[in-house]
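Order of appearance sets the numbers: ligands from 1, and atoms from 1 within every ligand. Note that the coordinates shown come from a computational prediction; the quantities given were computed from them, not determined experimentally.
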Amino acid sequence: MWSYRNPVDVRFGQGSFAVLAELLAGRSYVLVTYGEPYFRSLAEELQKSAGKPLLTIDDIAPNPDIARLRQQTARFTALAKQPEAIVALGGGSVIDSAKVFAAARGDFAAMENYLRKQADAATVSPWPLIAVPTTAGTGSEVTCWGTVWDNAAGVKHSLAHPGLYPEYAVVDPALMVGKSQELTVQTGLDALSHALESLWNRNANPVSMAHAVAAARGVLSTLPALVGDLRNLHLRERMARAATLAGFAFSNTKTAIAHSLSYPITLRHGVPHGIACSFSLPMIIRSVAGREGICDEGLRAIFGADAAGAAERLEATLAKLGVATDYRHYGIEEAEWRNLIESAFEGERGQNFIGSRQDLLLAAGLKEKVSAA
Ligand SMILES: NC(=O)c1ccc[n+]([C@@H]2O[C@H](COP(=O)([O-])OP(=O)(O)OC[C@H]3O[C@@H](n4cnc5c(N)ncnc54)[C@H](O)[C@@H]3O)[C@@H](O)[C@H]2O)c1
Ligand SMILES: [Fe+2]
């Protein structure tokens with residue numbers, strides 16, 4: 001038996017940003033975005049049609065940190081009335097920060113107790129959220145979780161609650177044409193990782209697989225062309241579609257071993273999330289290819305009949321995008337790499353992975369194959 005559920009109402013297409021006021025339908029709102037000029041001008045455009053926000057939080061930095069989120073949440077207490085909705089206009093860092101604000105409803109301690117698993121889901125009842133992603137991307141516009149980083153403690157948390165599925169996802173590829181080549185590659189590979197992670201996943205089902213295949217094929221056929229033609233709206237649209245479809249895939253499975261491996265690499269070595277969670281993908285494919293079931297079916301549909309050859313195809317694509325697949329490139333030494341792989345199996349995301357520690361160490365070249373005597 002399997003089930004699939006995703007309640008997010010999606011509006012997709014060039015110019016869809018303009019429907020935001022209609023979706024807000026006169027409700028008061030808090031806007032969460034970045035402080036850069038481009039986002040200021042979008043905020044002004046929104047204000048013309050939807051009215052002034054009660055509050056704008058525009059000091060969102062990449063990889064939202066818990067200490068800053070606490071300070072930002074405190075700003076809600078100064079409001080004369082609470083908002084009826086939160087609008088997140090930005091990439092994963094903005095959408096995930098907005099999820100924290102929506103869950104906290106001005107009370108950071110209550111949200112934190114839930115985040116640290118010291119309180120149950122009934123204590124959290126998030127405000128409605130409208131997510132407008134400007135990267136393609138994290139897929140956070142169609143998932144019910146957000147990543148919260150704690151740089152001081154060197155750990156990351158996942159805030160997950162069914163009430164955090166955005167009410168609407170407004171995906172407008174026109175908002176993404178100004179992304180740099182670097183950001184385009186990083187965020188595009190994050191989407192690829194989400195698609196593949198939902199395949200080698202204990203929670204995979206036929207619907208998540210269909211989304212994953214369409215998403216991964218979309219990224220692989222679009223990203224190499226897009227890096228040479230960054231302002232091409234058609235290619236931006238294809239990437240936006242792939243990233244949201246990847247979101248639909250992993251919204252029901254969560255991520256797996258590549259993401260589990262990635263968090264300490266981002267925390268300790270400062271590697272951007274999209275690179276940290278994707279440079280290991282060929283190695284992971286080598287370790288799981290050939291197992292019958294949804295994973296192999298999906299890998300064959302993405303890469304062609306030969307699942308083992310999939311790793312080589314992906315390596316070639318990553319090389320073309322300028323992404324190194326050797327861990328040493330990221331300042332990781334062999335002993336740390338072994339340790340990272342071993343410990344990636346602990347925790348929820350590692351346990352979602354259908355592969356084994358032994359096979360992954362083998363694929364990493366850190367273990368000799370034991371030949372049958
Ligand atoms: N909730 C989830 O399901 C999920 C999934 C994957 C990643 N994440 C998290 O999301 C975060 C990463 O998000 P991200 O990769 O979208 O990047 P981001 O939100 O961290 O933004 C990175 C930079 O991109 C710039 N930027 C964003 N959109 C732009 C645009 N349209 N034009 C020009 N510049 C733009 C921003 O100014 C910012 O400096 C990480 O914290 C990661 O852990 C969450
Ligand atoms: Fe990710």
Side-chain angles (χ1 to χ4, degrees), residues 6 8 17 32-42 58-66 68-69 88-100 103 129 131-151 155-161 164-166 169 171-198 215 230-231 236 239-240 243-244 246-263 265-267 271-278 280-281 349:
N6 190 303
V8 182
F17 180 66
V32 185
T33 189
Y34 312 104
E36 289 144 35
Y38 175 60
F39 296 94
R40 290 235 162 97
S41 69
L42 288 177
D58 67 359
D59 54 343
I60 304 295
N63 300 339
D65 183 77
I66 195 157
R68 188 190 283 232
L69 289 165
L89 172 63
S93 297
V94 164
I95 301 173
D96 289 3
S97 296
K99 285 179 176 173
V100 169
L129 173 67
V132 188
T134 63
T135 61
T138 66
S140 186
E141 68 277 10
V142 293
T143 73
C144 69
W145 45 76
T147 307
V148 175
W149 300 81
D150 185 341
N151 284 293
V155 294
K156 77 100 208 173
H157 302 281
S158 186
L159 176 66
H161 191 280
L164 286 174
Y165 275 113
V171 188
D172 187 342
L175 305 183
M176 301 169 187
V177 289
K179 281 166 61 183
S180 67
Q181 178 170 328
E182 219 183 357
L183 185 64
T184 302
V185 169
Q186 289 166 8
T187 52
L189 291 178
D190 188 20
L192 178 66
S193 184
H194 297 155
L196 296 179
E197 292 260 89
S198 72
L230 292 170
R231 301 201 69 86
R236 287 286 180 201
M239 276 307 294
T244 299
F248 274 106
F250 89 107
S251 70
N252 276 243
T253 63
K254 293 199 169 165
T255 52
I257 198 78
H259 275 69
S260 188
L261 249 177
S262 81
Y263 297 118
I265 297 174
T266 294
L267 284 161
V271 179
H273 174 70
I275 303 298
C277 71
S278 61
S280 61
L281 294 173
R349 276 157 181 76

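When heavy-atom distances to ligand 1 are checked against a 4.0 Å cut-off, Lys179 comes that close through both its backbone and its side chain. Under 4.0 angstrom from ligand 1, the non-hydrogen atoms of Asp190 all belong to its side chain. The side chain of Asp96, and not its backbone, has at least one atom closer than 4.0 Å to an atom of ligand 1 (non-hydrogen atoms only; side chain from C-beta on). By the criterion of a heavy-atom distance under 4.0 Å, both the backbone and the side chain of Thr134 are placed next to ligand 1. Heavy atoms of Glu36 found under 4.0 angstrom from ligand 1 belong exclusively to the side chain. Residue Trp145 touches ligand 1 through backbone and side chain together, judged by heavy-atom distances below 4.0 Å. Contacts between Thr255 and ligand 1 below 4.0 angstrom, taking non-hydrogen atoms only, are absent altogether.
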Applying side chain to side chain contact (heavy atoms under 4.5 Å, CB included), run through Thr33 and Ile60 and close with a yes or a no.
-> CA-CA 7 Å; Thr33 189; Ile60 304 295; over 6 Å; no
Pair Thr134-Phe39, side chain to side chain contact (heavy atoms under 4.5 Å, CB included): steps then yes or no = CA-CA 10 Å; Thr134 63; Phe39 296 94; 3.7 Å; yes
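Taking the side chain as every heavy atom from C-beta outward, Val142 and Thr244 approach each other to under 4.5 Å. Side-chain contact between Gln181 and Leu230 is present, with heavy atoms from C-beta onward closer than 4.5 Å. For the pair Leu281 and Ser193, the minimum side-chain heavy-atom distance is below 4.5 Å. The shortest distance between side-chain heavy atoms of Ser158 and Arg349 falls below 4.5 Å. For the pair Leu159/Trp145, no side-chain contact is recorded, criterion being any heavy-atom separation below 4.5 Å from C-beta on.
Residue Ser93 has at least one N or O atom closer than 3.5 Å to an N or O atom of ligand 1. For Tyr34, a nitrogen or oxygen atom sits less than 3.5 Å from a nitrogen or oxygen atom of ligand 1, counting backbone and side chain alike. Here's the thing with Gly139: none of its N/O atoms is less than 3.5 angstrom from an N/O atom of ligand 1.
The protein heavy-atom contact nearest to atom 33 (C) of ligand 1 is Gly178 O, 3.9 Å. Nearest protein heavy-atom contact of atom 40 (C) of ligand 1 is Asn63 OD1, 3.2 Å. In terms of protein heavy-atom proximity, atom 5 (C) of ligand 1 is closest to Thr138 O, 3.4 Å. Atom 17 (O) of ligand 1 has as its closest protein heavy atom Gly92 N, 4.2 Å. Atom 29 (C) of ligand 1 has Phe39 CZ, 3.5 Å as its closest protein atom, hydrogens excluded (heavy atom only). Regarding atom 43 (O) of ligand 1, its nearest protein heavy-atom neighbour is Trp149 CZ2, 3.4 Å.
The Gly146 neighbourhood of ligand 1 comprises atoms 1 (N), with distances under 4.0 Å to a heavy atom of that residue. Residue-ligand proximity, His194 to ligand 1, at heavy-atom distances under 4.0 Å covers atoms 5 (C), 6 (C). Below 4.0 Å from some heavy atom of Pro62 lie the following atoms of ligand 1, by number and element: 20 (O). If you number the atoms of ligand 1 from 1 as listed, the ones under 4.0 Å from a heavy atom of Thr187 come out as 15 (O). Under a 4.0 Å criterion applied to the non-hydrogen atoms of Phe250, ligand 1 contributes the atoms 3 (O). If you number the atoms of ligand 1 from 1 as listed, the ones under 4.0 Å from a heavy atom of Gly91 come out as 16 (O), 19 (O). Near Pro64, the atoms of ligand 1 lying under 4.0 angstrom from a non-hydrogen atom of the residue are 41 (O).
Considering every non-hydrogen atom in both Val148 and Leu69, the closest pair reads CG1-CD1, 3.9 Å. Closest of all the heavy-atom pairs between Ser93 and Asn63 is OG-N, 3.0 Å.
Every salt bridge (charged side-chain N to carboxylate O under 4.0 Å, His left out) that Arg40 has, sequence neighbours left out, goes to Asp58. Residues satisfying the salt bridge (charged side-chain N to carboxylate O under 4.0 Å, His left out) criterion with Lys254, sequence neighbours excluded, are Glu348. In terms of the side chain to side chain donor-acceptor pair (under 3.5 Å) criterion, residue partners of Asn6 (sequence neighbours excluded) are, by chain and number, Ser251.
Protein atoms that are N, O or S and lie under 2.8 Å from the Fe ion (ligand 2) are these: Asp190 OD1, His194 NE2, His259 NE2, His273 NE2.
Thr253 and Glu197 share no donor-acceptor pair across their side chains, judged by distance under 3.5 Å alone. Looking at His273 and Asp190, their side chains do bring a donor and an acceptor atom within 3.5 Å of each other. Looking at Lys99 and Thr143, their side chains do bring a donor and an acceptor atom within 3.5 Å of each other.
The line from SG of Cys277 to CG of Leu192 is 9.0 Å long, rounded to the nearest 0.5 Å.
At distances below 3.5 Å, not a single donor-acceptor pair connects side-chain atoms of Arg236 with backbone N or O atoms of Ala174.
The heavy atom nearest to atom 34 (N) of ligand 1, considering only Leu183, Ile60, Leu175, Val148, is found in Leu183.
Residue Thr135 is tested with Leu175, Ile95, Thr187 for a side chain to side chain contact (heavy atoms under 4.5 Å, CB included); the sole match is Thr187.
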